[in-house]
Amino acid sequence: MIQKKDILKIAIDSPAAAGAGTLAKSISKYYNLIYLDTGKIYRLIALYKLKNPKKFNLNFIKKKIKNLEIKDLKNKKLLSDEVGMEASIIAKKKSIRKLIYSFQKKLAYNPPKKYDGSCLDGRDITYNIVPDADFKFFITANVKTRAIRRYKELKGLKKSVSFKEVLKSIKNRDKSDYNRKISPLKKTKDSLLINTTKLSKRACFLKIKKIIDRKINI
Ligand code: DC
C-alpha cells in the first residue's frame with residue numbers, strides 16, 4: 001500500500017464506554033484528522049447478523065464492506081447494547097477481522113486530501129492497525145464509571161435498560177475483549193495511559209492536547 005507522507009496518525013485503544021469516542025472526536029476536530037470509530041464497523045456487521053441471520057456469511061459481509069462508507073457508521077441502531085455484545089462476539093472471528101483490516105488501514109494511512117491525518121479508536125489499533133502511530137493512547141476508566149456513562153447515553157436514546165443490566169453487559173464485554181485469542185484489547189508498552197474516571201471531557205482533551213503539542217511544536 002502506498003502511504004501518504006507527513007500525516008499525523010493517532011491510535012487509541014480502550015475498553016467499552018471509557019470515553020474514547022468523545023475524546024477522539026474532539027482531538028480529530030482540533031487537529032483536522034479523519035476519525036474512525038472502528039467499533040462501529042464491528043457493530044454494523046453485528047447488526048447485519050441480527051437482521052439477516054439466514055443470509056449472514058463471509059461473502060455477504062465482504063460485499064457490505066466493499067461498499068462501506070463512513071456515513072453508514074452513523075446509524076443510531078448501532079448504539080444498542082444488544083448490537084455491542086454481538087459485535088464483541090463476531091470480533092473474535094479471524095475471518096471477519098481480516099475483511100475489515102484493509103478498510104481501517106487505508107483510512108489510517110491514506111486519509112482523504114482535506115485532512116491532515118487520521119485518528120482511529122478500537123481494541124487493536126495501537127499494535128495491529130496503526131503500529132507506527134505518532135501517538136498511542138490507552139484510554140480507560142473504572143468499570144462502574146463506564147457503566148454510569150453508558151447507562152446515561154442509552155437513557156438519552158430512550159432505551160429501556162436498567163443500570164444493573166448495563167453494568168453486567170460492560171463486564172461481559174471486558175471479559176470477551178480482553179481475553180480473546182485474536183487481537184485482544186491490551187495496553188501496549190508504548191501507549192500512554194489516560195484514566196478518565198475522575199476527569200471531565202474537557203480535562204481529558206486538554207491532557208491529550210498538551211501531550212501532542214509538546215511533540216509536534218518542536
Ligand atoms: O467500541 P465499541 O463498544 O463500539 O466496540 C464494539 C465491539 O467491537 C467491541 O466489544 C469489540 C469489537 N471491536 C474490536 O474487536 N476491535 C476493534 N478495533 C473495535 C471494536
Side-chain angles (χ1 to χ4, degrees), residues 9-25 28 34-50 61 64-65 68 70 72-109 118-131 133 136-141 143 145-154 157 159 161 165-188 191 194 196:
K9 297 188 294 298
I10 301 181
I12 300 174
D13 284 321
S14 73
T22 314
L23 206 46
K25 255 186 238 166
S28 301
I34 188 153
Y35 167 57
L36 179 64
D37 172 354
T38 62
K40 288 274 169 59
I41 312 175
Y42 292 90
R43 283 175 179 261
L44 193 67
I45 297 173
L47 185 67
Y48 292 146
K49 186 178 175 196
L50 295 170
I61 304 170
K64 297 282 182 193
I65 299 294
L68 183 64
I70 293 229
D72 303 329
L73 305 176
K74 299 210 164 113
N75 184 343
K76 284 245 158 59
K77 286 190 187 136
L78 302 180
L79 300 174
S80 78
D81 250 19
E82 188 195 6
V83 173
M85 199 56 231
E86 187 62 48
S88 179
I89 294 167
I90 59 144
K92 291 179 185 173
K93 296 216 182 305
K94 199 175 179 177
S95 52
I96 292 186
R97 301 195 76 86
K98 248 170 118 178
L99 290 179
I100 307 176
Y101 184 81
S102 325
F103 181 87
Q104 300 172 83
K105 280 269 190 198
K106 198 172 158 216
L107 216 93
Y109 289 90
S118 60
C119 175
L120 274 68
D121 73 10
R123 305 291 187 278
D124 60 343
I125 308 303
T126 54
Y127 69 95
N128 195 23
I129 308 297
V130 200
K136 296 184 183 185
F137 298 103
F138 187 86
I139 296 175
T140 192
V143 71
T145 305
R146 290 190 278 130
I148 292 170
R149 289 180 189 160
R150 178 52 55 90
Y151 176 70
K152 283 185 184 160
E153 189 185 7
L154 292 171
L157 293 164
K159 304 261 181 216
V161 279
E165 282 167 337
V166 175
L167 182 63
K168 194 172 159 210
S169 149
I170 297 227
K171 283 184 177 169
N172 281 339
R173 219 126 67 76
D174 277 0
K175 219 163 141 190
S176 164
D177 294 349
Y178 275 112
N179 299 332
R180 71 179 179 222
K181 287 205 181 83
I182 318 278
S183 306
L185 171 64
K186 61 182 174 193
K187 184 202 161 296
T188 59
S191 295
I194 308 279
T196 70

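When a ligand or atom number is given, it counts from 1 through the structure's own listing order. Just so you know, residue 1 is the first one in the sequence shown, and it goes up from there.
Residue Gln104 places no N or O, backbone or side chain, under 3.5 Å from any N or O of ligand 1. Every N/O-N/O distance between Arg150 and ligand 1 stays at or above 3.5 Å. Note: no N/O pair closer than 3.5 Å links Asp37 and ligand 1 by distance alone. Between Lys40 and ligand 1, a contact under 3.5 Å exists for no N or O pair. Ligand 1 has a nitrogen or oxygen under 3.5 angstrom from a nitrogen or oxygen of Asp124.
Here the heavy atom of the protein found nearest to atom 11 (C) of ligand 1 is Asp177 OD1, 3.4 Å. When hydrogens are left out, the protein atom nearest atom 8 (O) of ligand 1 is Tyr42 CB, 3.5 Å; that is the closest non-hydrogen contact. Closest protein heavy atom to atom 16 (N) of ligand 1: Arg97 NH2, 3.0 Å. The protein atom (non-hydrogen) at minimum distance from atom 3 (O) of ligand 1 is Arg173 NH1, 2.9 Å. If you check which protein heavy atom lies closest to atom 12 (C) of ligand 1, you get Ala91 CB, 3.6 Å. Given atom 19 (C) of ligand 1, the protein heavy atom at minimum distance is Thr38 OG1, 3.4 Å. The protein atom (non-hydrogen) at minimum distance from atom 4 (O) of ligand 1 is Arg43 NE, 2.6 Å. In this structure, the protein non-hydrogen atom closest to atom 5 (O) of ligand 1 is Arg123 NH2, 3.5 Å.
Remark: Ile41 CD1 to Ile96 CD1 distance equals 12.5 Å, nearest 0.5 Å. Here the straight-line distance linking atom CD1 of Ile100 with atom NZ of Lys105 works out to 14.5 Å at 0.5 Å rounding.
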I would like to know whether Ile65 and Ile61 meet side chain to side chain contact (heavy atoms under 4.5 Å, CB included); could you show each step before the answer? CA-CA 6 Å; Ile65 299 294; Ile61 304 170; 3.9 Å; yes

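With contacts defined as side-chain heavy-atom distances shorter than 4.5 Å, the pair Tyr109/Val130 qualifies.
With no hydrogens or angles considered, a side-chain donor-acceptor pair links Arg149 and Thr196 at under 3.5 Å.
In this structure a side-chain-to-backbone donor-acceptor pair under 3.5 Å is present from Lys187 to Ser191. Of the possible polar contacts, none joining the Lys159 side chain to the Leu154 backbone as a donor-acceptor pair under 3.5 Å is found.
Near Ala87, with a cut-off below 4.0 Å to any heavy atom, the atoms of ligand 1 are 6 (C), 7 (C), 8 (O).
Around the NZ atom of Lys25, the shell of radius 6.0 Å holds no more than 12 heavy atoms that belong to other residues, nucleotides or ligands.
Residue-ligand proximity: Met85 is placed with every non-hydrogen atom at 4.0 Å or more from ligand 1.
In this structure, Ser169 and Met85 approach most closely via the heavy-atom pair O-SD, 4.3 Å.
Here the options are Lys49, Lys93, Lys77, the test is salt bridge (charged side-chain N to carboxylate O under 4.0 Å, His left out), and the partner is Glu86; only Lys49 passes.
Within the 4.0 Å heavy-atom criterion, the part of Arg180 lying near ligand 1 is the side chain and not the backbone.
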